There are 2 protein chains.
Amino acid sequence: MEQQTSEELKYVSMLHRKTQIFLNERTKALGVSGAEVPFIFIACRMGQLPQYQFCTMLDISKGTVAKVLAGLEQEGYITRSINAEDGRSMDVFPTQKALDLYPKLQEIGCRCMDKMTEPMTEQEREQFFLLLKKSALSISRFVDALQE
Amino acid sequence: MEQQTSEELKYVSMLHRKTQIFLNERTKALGVSGAEVPFIFIACRMGQLPQYQFCTMLDISKGTVAKVLAGLEQEGYITRSINAEDGRSMDVFPTQKALDLYPKLQEIGCRCMDKMTEPMTEQEREQFFLLLKKSALSISRFVDALQE
DNA sequence: ACAAAATAGTTTCCAAAGAAACTATTTTTA
DNA sequence: TAAAAATAGTTTCTTTGGAAACTATTTTGT
C-alpha cells in the first residue's frame, strides 16, 4: 500500500479553487473580483509603482497584469501615467475609491485565512505559512529557471 | 509594521499556478494536459467507478468533470457506459492506453512534489503535507456549506 | 400510483491566467 | 552613432474551472 501517489497535488488545487470561491463571494458585493484584490492591495500599499513591479511582486505574467490593471483603471480603482524618465514604463496609483475599499478587503483576506487554518493550533498555523511560502518559492524558481 | 496582510493568499495562488505549469510542461510530451492527470490517476486506481465519484474525490464541479471525461474518452484514455442499475449514472473505465501511461504520470507527479519540497527537511515535508490537507479540507467544507 | 423532489450528466456562458506575437521605447554594442 | 538587443505593455488565443440552466432518470411522499 506504500505507493507514491502525489495525492498532495490535489490539495494544492483544492486549496486554491476554494479560496478563490470564498474571496469572490465576499468581494463581489463590494464591486471587485477576487483576482483584483491582490492588485488593489499592492497599489494601496505602495502608493506609486511601475506596472512591471506587479509582475515581480505577484509572480504573474505581464499579459495578465496588463489585463487586470486595464480593468481596475476602467472601474476607477487606479490611475496610470507614463513614467517621466522612461517612456515604456507605466506608473500606477491607487484612487481614493481603492483606498476606501482597502481595509474591507484586508478584513476579507484575513477571514479567508482564518477559515483555512481554523482546525490548526497557533503553532501549526505559523509553520503552515512558513512552509507554504517555502514551497511556492521553490517550485516557482524551478519553473522560471526552465523558461530561459 | 504588524498589520495583517493576508500575504499568504499570494503563495496559495503561486503554488497552484507554478505547479500547473510544471505538470503541463512534462505531460504535454505524453499527450495529456496537467488537468487531465488527476482524472487518469483515479480511473486507473479504481478500475471502474461512477462519474459522480470524480466530483467527490476531486471536489470538482460536475460540469468540469463532464467536460474533462468527455475529452479523455475522445482521446481514448477512458471508456464510459450507462450503469445497469441506474440509468442516470455513467460508469468510467480506464483503457490500456491510460494504464500504460499511469506510471509515467505518477513519476512526474512525484518529481513535482520533490521540487516543491526541495528546501525542506523530511520532517518539514511531512508536516507540510499534513497542514496542506488540513487547510484545503477546512476552507472547502466552509465554502461548500455556504452553497446549500 | 403518480406528482414532486432529488440525482446524474451535459451544455452554455464567463472569469482567471499563461504563451506567444506584436508595438513602442530604451539601452548596448560594434 | 546606427543597428541590435533588451525592456515595458498590449492583444489574441487557449486552458482550466465554476455557475446556472437544462434533460433525463430515479426516489419519495401522499
Side-chain angles (χ1 to χ4, degrees), chain A residues 9-10 12-25 27-28 32-39 49-56 58-74 80-92 140 143-144 146-148, chain B residues 9-10 12-25 27-28 32-39 49-56 58-74 80-92 140 143-144 146-148:
Chain A
L9 291 173
K10 182 179 87 175
V12 170
S13 165
M14 197 164 140
L15 181 60
H16 176 256
R17 286 181 290 110
K18 301 294 175 171
T19 294
Q20 281 308 113
I21 294 171
F22 181 103
L23 292 176
N24 266 309
E25 264 170 4
T27 59
K28 194 169 53 185
V32 294
S33 75
E36 290 171 326
V37 171
F39 289 81
L49 76 167
Q51 179 165 329
Y52 66 80
Q53 277 289 336
F54 285 86
C55 299
T56 53
L58 295 172
D59 210 332
I60 283 178
S61 72
K62 59 187 183 170
T64 300
V65 167
K67 282 174 284 185
V68 175
L69 289 182
L72 287 174
E73 189 175 39
Q74 182 79 22
R80 289 191 289 178
S81 60
I82 294 170
N83 184 282
E85 283 102 54
D86 188 336
R88 296 167 298 183
S89 186
M90 297 285 276
D91 286 324
V92 179
S140 179
V143 166
D144 292 350
L146 287 184
Q147 296 173 333
E148 272 154 27
Chain B
L9 291 174
K10 182 180 86 175
V12 170
S13 166
M14 197 165 141
L15 181 60
H16 175 256
R17 286 181 291 111
K18 302 293 175 172
T19 295
Q20 281 307 115
I21 293 171
F22 181 104
L23 292 177
N24 267 310
E25 264 170 4
T27 59
K28 193 170 51 185
V32 294
S33 74
E36 291 171 325
V37 172
F39 290 82
L49 77 166
Q51 179 164 331
Y52 65 81
Q53 277 289 337
F54 286 85
C55 299
T56 54
L58 294 172
D59 211 331
I60 282 179
S61 72
K62 60 187 182 169
T64 299
V65 168
K67 282 174 285 187
V68 175
L69 288 183
L72 287 174
E73 191 175 38
Q74 182 79 22
R80 289 190 289 180
S81 60
I82 295 171
N83 183 281
E85 282 102 55
D86 188 335
R88 296 166 300 185
S89 185
M90 297 285 276
D91 286 325
V92 178
S140 179
V143 166
D144 293 350
L146 287 183
Q147 296 172 334
E148 274 154 25

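Each chain gets a letter, A, B and so on, in the order the sequences are listed, and its residues count up from 1. Being a predicted model, the structure only gives us computed values, none of them experimental.
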If you check the [X] side chain, which of [options] turns out closest?
| X | options | result |
| --- | --- | --- |
| B:K67 | C:dT11, C:dT10, D:dT10 | C:dT11 |
| A:Q51 | D:dA19, C:dG18, D:dG9 | D:dG9 |
| B:S13 | C:dA17, D:dG9, D:dG17 | C:dA17 |
| A:R88 | D:dT10, C:dG9, C:dA24 | C:dA24 |
| A:A66 | D:dG9, D:dT12, D:dT16 | D:dG9 |
| A:K62 | C:dG9, C:dA16, D:dG9 | D:dG9 |
| A:S61 | C:dG9, C:dA16, C:dG18 | C:dG18 |

For [X], report the nucleic acid contact type (base, sugar-phosphate, nothing); a contact means any heavy atom under 4.0 Å.
| X | value |
| --- | --- |
| B:G63 | base |
| A:A35 | sugar-phosphate |
| A:L69 | nothing |

Grab the [atom1]-[atom2] distance between [X] and [N] for me, whole Å please.
| X | N | atom1 | atom2 | result |
| --- | --- | --- | --- | --- |
| B:D86 | C:dA6 | CG | C1' | 11 Å |
| B:M90 | C:dT7 | CE | P | 20 Å |
| B:Y52 | D:dA24 | OH | C1' | 17 Å |
| B:N24 | C:dA17 | CG | C1' | 12 Å |
| A:L72 | C:dA15 | CG | P | 14 Å |
| B:E36 | D:dG17 | CD | P | 10 Å |
| B:F54 | D:dT16 | CZ | C1' | 17 Å |
| A:I21 | C:dA15 | CD1 | P | 15 Å |

Might you point out which heavy atoms bring [X] and [Y] nearest each other, and give the distance in Å?
| X | Y | answer |
| --- | --- | --- |
| B:K18 | A:S140 | CE-OG, 3.5 Å |
| B:G34 | B:L23 | CA-CB, 4.4 Å |
| A:R17 | B:L58 | NH2-O, 3.2 Å |

Report yes if a side-chain nitrogen or oxygen of [X] is closer than 4.0 Å to either non-bridging phosphate oxygen (OP1 or OP2) of [N]; otherwise report no.
| X | N | result |
| --- | --- | --- |
| B:R80 | C:dT10 | yes |
| B:S89 | C:dG9 | yes |
| B:T64 | D:dT16 | no |
| A:R17 | C:dA15 | no |

Exercise. Between B:K18 and A:A84, just flag the one whose closest nucleotide in DNA chain C comes earlier from the 5' side.
Key: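 On the 5' side of the pair lies B:K18.
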Quiz prompt | 5′-ward residue of the pair A:S33/B:E25 relative to DNA chain C | solution =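 Mapping each residue to its closest nucleotide by heavy atoms, the 5'-most match is A:S33.
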Exercise. Select from A:P50 and B:I60 the residue whose nearest nucleotide in DNA chain D is closer to the 5' end of that strand.
Key: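 Taking each residue's closest nucleotide, the earlier one in sequence belongs to A:P50.
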Quiz item: For B:D86, does its backbone N or O pair with a side-chain atom of B:S89 as donor and acceptor, under 3.5 Å?
Solution: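 Not confirmed, B:S89 side chain does not pair with B:D86 backbone.
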Quiz item: Within the distance-only criterion (no hydrogens, no angle test), does the side chain of B:E36 pair as donor or acceptor with the backbone N or O of B:S33 below 3.5 angstrom?
Solution: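 Side chain of B:E36 to backbone of B:S33, a donor-acceptor pair under 3.5 Å: yes, one is there.
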Quiz item: Does the pair B:M90 and B:L69 meet the rule for a side-chain contact (heavy atoms from CB on, under 4.5 Å), with working shown?
Solution: CA-CA 11 Å; B:M90 297 285 276; B:L69 288 183; over 6 Å; no
